[in-house]
Amino acid sequence: MSTPHPDAATLQLPSPSPGADTPPRTRTAGTEPDPDPAGTRSISTPDEPLDLIGIGIGPFNLSLAALAQPLTELRTAFYEQRHAFHWHPGLLIEDATLQVPFLADLVTLADPTSPWSFLNYLKHRERLFPFYFAERFHLHRAEYDAYCRWVSKNLPDLHFRHQVDAIRWNADRAAFEVDHTRIGADGEAESLGRAYARNLALGIGSVPHVPEALKPLADAPAVPVLHSADYLTHRERLLAAEHITVIGGGQSGAEVFLDLLRARPAGREGLHWLARTAAFAPMEYSKLGLEHFTPDYTRYFHALPEPVRDELLPGQWQLHKGIDHGTLAAIHDELYRRTLHGGWPDATLTPGVTVRTAGRVGTTKVELHLEHPHQAARSRLTTDAVVLATGYRPSRTDTLLAALDPYMRRDAAVRPRIDTEQRLVLDPCVTGSVFVQNAEHHTHGVGTPDLGLAAWRSATILNTLTGRPAYPLPNRTAFTTFGLRPSPPRSATRAPRPNSTLIENP
C-alpha cells in the first residue's frame with residue numbers, strides 16, 4: 001500500500017501584540033487562496049488557546065484539517081515548514097500510480113459528502129466526466145498530489161513556512177505552549193512567536209533512509225549517490241551516466257528501475273538492480289489480505305501484547321513493502337521486448353544481496369562491496385551512479401518533544417505508548433492530548449502509513465476531541481474475524497479525558 005511522505009513541519013505566527021486574537025479564517029472551496037495565508041494572523045492567546053494545533057501538513061494532517069473544517073466548535077491551526085504542500089515530488093514519475101483506490105482520498109471513507117473529496121476536486125476542475133469515462137480506479141501519483149495541493153490552497157487554517165521549535169505543557173494554563181519560527185521566502189528566520197493549544201496532532205512523517213555504508217558517498221556532492229526521494233530532480237544527470245545501480249526491492253526501486261530502463265537504448269542499458277529480499281516480490285493484494293488495512297485489524301493488533309506485536313510486524317512486510325503486480329509485469333514486458341532481435345539487455349536484477357561497504361574509485365565511480373548470504377559469496381560492483389530506494393524512517397521527535405519526555409509513558413523497547421484513539425499516553429497531570437499520525441506502527445500495525453486509513457483515523461481523533469460522533473464510524477469493516485475473541489469496537493463518543501483513565505497494554 002502507498003506510503004505518504006510527511007516532511008518535518010513546524011509552526012509560527014508573526015509576533016502579534018499581546019492579547020490580540022483573530023477568529024479562524026473561512027473560504028469557499030474552489031476560490032483562490034491568500035498568497036500568504038498565515039502571514040498576518042494571531043493564532044491564539046494565553047487566555048484563549050486553540051482546541052488543536054497540527055504540526056506537519058502531509059496527507060494525514062491535511063485529512064485531519066479537512067474533516068475538522070466544518071466542525072465549528074473546534075478552533076484549529078496547522079503548521080508546516082515547507083512553503084507549500086508537495087507529496088513525494090521526486091517520485092512523481094510519469095504513469096506511476098497509487099496502490100490504493102481513489103476512495104482513499106483525504107475524507108471520503110469518513111464523510112463521502114465532504115467538499116474536500118477527490119470527486120469534488122474533479123468537479124471544480126471540470127474533469128468529472130473525463131474521469132468517469134477513463135474508468136480509472138487507481139490515480140496517478142501526480143494527480144493525487146495535485147488534488148492535495150488544491151485542498152491545501154483552499155482550506156482555512158493551514159500555515160506554511162512555519163517551523164515549530166519546541167513544545168511544552170503549561171500546567172497553569174492547562175495548554176501546550178508551542179514555540180515557532182516563521183521562515184521567509186529565502187529560507188531565513190523572519191520572526192519568533194508562541195501559540196497555545198489544548199491538544200496537538202503530530203504529523204511530521206518520515207525522512208529518507210540512507211544505509212550507513214553509503215552515507216559518506218551520499219553526502220559527497222561530486223558522487224551521484226542519491227535517495228529515490230530526489231530521483232526526478234537528478235534524473236537527467238543519472239541518464240548521462242554509463243552505468244546506474246538501483247538499490248532497494250520495494251515499489252520505489254521498481255518504479256525507478258523501470259523508468260531508467262525505458263529511457264536507455266536497447267543493448268546499452270547499463271543497469272543493475274539490487275535488493276536485500278530473497279525475490280522481487282509482489283505486494284499482497286488479495287481482497288482478504290487487504291483486510292489487514294481495516295479498522296477491525298487495527299483494533300485487533302492494538303489489543304495484542306507488545307511482544308506478539310513485535311513478532312508479527314517483520315513477517316508482514318509483503319503486505320505493504322512488496323511491488324505492485326502491474327509494475328513487475330511492465331518491467332518484464334520491457335525486458336522481453338528488448339530480446340526480440342536476439343541477445344539480452346544489459347540489465348542485471350539480483351535479489352538476496354546486501355551492500356556491506358562502499359567507496360570511491362577515482363573521482364567519479366563508486367565501488368559497492370556486495371554479499372549474498374545464501375551463497376556465502378562476496379563480490380564487487382563498480383558503477384557510475386547509485387539510486388537508493390531504501391525507504392523512509394520516522395522523523396525524530398526527541399528535540400521537538402524534549403520538554404514532554406518526562407511525561408511520556410514508554411513500552412519495554414522505550415517507544416511511546418499510544419492508545420486506541422491515537423494519543424500518546426502521558427502522565428495524568430497533562431490533561432491535554434497529543435495525537436500522532438503515522439508514528440504508531442508498533443502499536444497499530446501495518447495500516448499505519450496507509451492512505452486508506454487516513455480519513456478513519458482523522459475521524460477517530462475528531463470524535464475524541466468533540467466528545468460526540470461528529471463522524472459516525474462503522475462497528476465492522478472486515479469479513480475476517482481476527483482472533484478468537486474479537487476486540488469490541490471503540491465508542492465513537494469518547495470525550496477527552498485525563499490520561500489517568502486510560503487502560504493500555506503493558
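Numbers here are sequence positions counted from 1. Predicted, not measured: the structure shown is a model, and the values here were computed from it.
Remark: the backbone N or O of Leu52 is not paired with any side-chain donor or acceptor of Asn199 at under 3.5 angstrom. A distance-only check finds a donor-acceptor pair linking the side chain of Glu440 to the backbone of Asn438 [under 3.5 Å]. With hydrogens and angles disregarded, no donor-acceptor distance shorter than 3.5 Å links the side chain of His140 to the backbone of Ala142. The backbone N or O of Ile183 sits less than 3.5 Å from a side-chain atom of Arg161, completing a donor-acceptor pair. Side chain of Asp179 to backbone of Asp165: no donor-acceptor contact under 3.5 angstrom is found. A distance-only check finds no donor-acceptor pair linking the side chain of Glu236 to the backbone of His234 [under 3.5 Å]. Distance alone, capped at 3.5 Å, places no donor-acceptor pair between the Ser63 side chain and the Pro59 backbone. Side-chain atoms of Glu421 do not come within 3.5 Å of backbone N or O of Arg423 as any donor-acceptor pair. Between the side chain of Asp427 and the main chain of Tyr407, no donor-acceptor pair closer than 3.5 Å is present.
The pair Glu143-Arg127 meets the salt-bridge criterion, since a charged nitrogen lies less than 4.0 angstrom from a carboxylate oxygen. Between Arg415 and Asp310, at least one side-chain nitrogen of the basic residue sits less than 4.0 Å from a carboxylate oxygen of the acidic one, meeting the salt-bridge criterion.
Nearest approach of Pro49 to Arg198, heavy atoms of both residues: O-NH1, 3.3 Å. Of all the heavy atoms in Arg235 and Ala263, the pair that sits closest is NH2-CB, 3.7 Å. For His320 against Met283, the heavy-atom pair with the smallest separation is O-CE, 4.0 Å. Nearest heavy atom pair, residue Leu67 against residue Leu106, reads CD1-O, 4.3 Å.
Tested against Tyr147 for a ring-ring contact (aromatic ring centres under 6.0 Å, His included), the candidates Phe131, Phe118, Phe85 yield a single pass: Phe118.
The shortest distance between side-chain heavy atoms of Glu94 and Arg262 does not fall below 4.5 Å. In this structure, the side chains of Phe435 and Thr464 come closer than 4.5 Å at one or more pairs of heavy atoms. Taking 4.5 Å as the limit, some side-chain heavy atom of His86 sits within range of a side-chain heavy atom of Arg149.
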Exercise answer: donor-acceptor pairs, residues 355-365 side-chain atoms, under 3.5 Å, sequence neighbours excluded:
| residue | atom | partner | partner atom | Å |
| --- | --- | --- | --- | --- |
| Thr357 | OG1 | His369 | ND1 | 2.6 |
| Lys365 | NZ | Asp384 | OD1 | 2.6 |

Please tabulate, for the side chains in residues 245-258, all donor-acceptor contacts under 3.5 angstrom to protein atoms that are two or more places apart in sequence or on a different chain.
| residue | atom | partner | partner atom | Å |
| --- | --- | --- | --- | --- |
| Thr245 | OG1 | Thr383 | OG1 | 3.0 |
| Gln251 | OE1 | Asp324 | N | 2.7 |
| Gln251 | NE2 | Glu255 | OE2 | 2.8 |
| Gln251 | NE2 | Thr327 | OG1 | 3.0 |
| Glu255 | OE1 | Arg141 | NH1 | 2.8 |
| Glu255 | OE1 | Arg141 | NH2 | 3.2 |
| Glu255 | OE2 | Arg141 | NH2 | 3.3 |

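Side-chain rings of His138 and Tyr144 stay apart, their centers remaining 6.0 Å or farther from each other.
Listed by chain and residue number, Val107, Asp111, Trp116 satisfy the side chain to side chain contact (heavy atoms under 4.5 Å, CB included) test with Ser114 (two or more places apart in sequence, or in another chain).
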